[in-house]
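Reviewing the structure listed below.
Scope of the values below: all heavy atoms of this structure, side chains included, with no hydrogens, waters or symmetry mates.
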Amino acid sequence: QVELTESGGGSVQAGDSLTLRCFAPGFISRSYSMAWFRQAPGQEREEIATIIHDGFIRYSDSVKGRFTLSRDNAEKTLYLQLNNLKPEDTAMYLCAAKMSQWDDYNYWGQGTQVTVSA
């Protein structure tokens with residue numbers, strides 16, 4: 001399978017938490033780098049959490065310390081735990097994959113919406 005399917009978004013209040021999921025049967029446990037992106041209306045798409053196939057994880061400054069990326073190989077799912085959500089976290093969250101960390105992302109999910117109210 002070559003697909004990415006996000007879920008877990010929703011409408012929450014500031015300070016709440018959400019767990020986003022990316023079902024990725026064609027990528028996890030294989031030599032792909034994967035990442036979570038987010039994009040708010042009128043804003044540039046932002047890469048916020050990345051895992052290279054060897055397990056190295058990095059975060060953008062905007063989410064570092066609040067969001068946690070993890071991978072479950074058995075479930076073929078990439079997770080993003082969002083803690084202490086803020087209104088500025090409101091965005092469409094997308095899962096992406098690529099063959100090499102040095103290449104552009106060429107596989108994308110449809111996204112899951114996260115809306116945070118003050």
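Taking CG from Asn83 and OG from Ser17, the interatomic distance works out to 4.0 Å, rounded to the nearest 0.5 Å. Distance CD1/Ile52 to CH2/Trp102: 6.5 Å, rounded to 0.5 Å. In this structure, the separation between CZ on Arg71 and CD1 on Ile28 is 7.0 Å, given to the nearest 0.5 Å. Here the CZ-OG1 distance, from Arg58 to Thr50, works out to 4.5 Å after rounding to the nearest 0.5 Å. Distance check, rounded to the nearest 0.5 Å: OG of Ser70 to CG of Leu78 gives 7.0 Å. Separating the CZ atom in Arg66 from the CG atom in Asn84 is a distance of 6.0 Å, to the nearest 0.5 Å.
Listed for the Thr115 side chain is no donor-acceptor partner under 3.5 Å among the backbone atoms of Thr90. Although no hydrogens or angles enter the test, the distance criterion places a donor-acceptor pair under 3.5 Å between the side chain of Glu6 and the main chain of Gln110.
When every heavy atom of Thr112 is checked against every heavy atom of Gly8, the shortest pair comes out as OG1-N, 3.9 Å. Looking at every heavy atom in both residues, Ser33 comes nearest to Ser100 through OG-C, 4.2 Å. Tyr93 and Ala91 make their closest contact through CD1-O, 3.3 Å (heavy atoms, listed as atom of the first residue, atom of the second, distance). Nearest heavy-atom pair, Met34 versus Ala97, reported as atom, atom and distance to 0.1 Å: CG-CB, 4.0 Å.
Both Leu82 and Val12 sit in one connected hydrophobic cluster of ILVMFWY residues. Membership requires side-chain heavy atoms under 4.5 Å apart, directly or through other members. One hydrophobic cluster holds both Val63 and Val114 under the rule that ILVMFWY side chains link at heavy-atom gaps under 4.5 Å. Hydrophobic cluster membership differs between Phe27 and Tyr105, with clusters built from Ile, Leu, Val, Met, Phe, Trp and Tyr side chains linked at under 4.5 angstrom. Under a hydrophobic clustering in which Ile, Leu, Val, Met, Phe, Trp and Tyr are joined whenever their side-chain heavy atoms come within less than 4.5 Å, directly or via other members, Ile57 and Trp36 fall into the same cluster. Tracing side-chain contacts under 4.5 Å through hydrophobic residues (I, L, V, M, F, W, Y), one reaches Tyr59 starting from Ile48; they form part of the same cluster.
The environment of Asp104 atom CG is sparse: at most 12 non-hydrogen atoms of other residues, nucleotides or ligands sit within 6.0 angstrom.
Residues Ser117 and Gln13 have side chains that never bring a donor and an acceptor to within less than 3.5 angstrom of each other.
Inter-residue side-chain proximity for Leu85 and Phe67 is flagged as met; some heavy-atom pair is nearer than 4.5 Å.
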*After noting the C-alpha distance and the side-chain angles of Lys98 and Tyr107, does the key distance pass the side chain to side chain contact (heavy atoms under 4.5 Å, CB included) rule?*
CA-CA 6 Å; Lys98 59 184 179 182; Tyr107 296 97; over 6 Å; no
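Pairs engaging residues 37-52 under the salt bridge (Lys or Arg N to Asp or Glu O under 4.0 Å) rule: Arg38-Glu46, Arg38-Asp89 [sequence neighbours left out].
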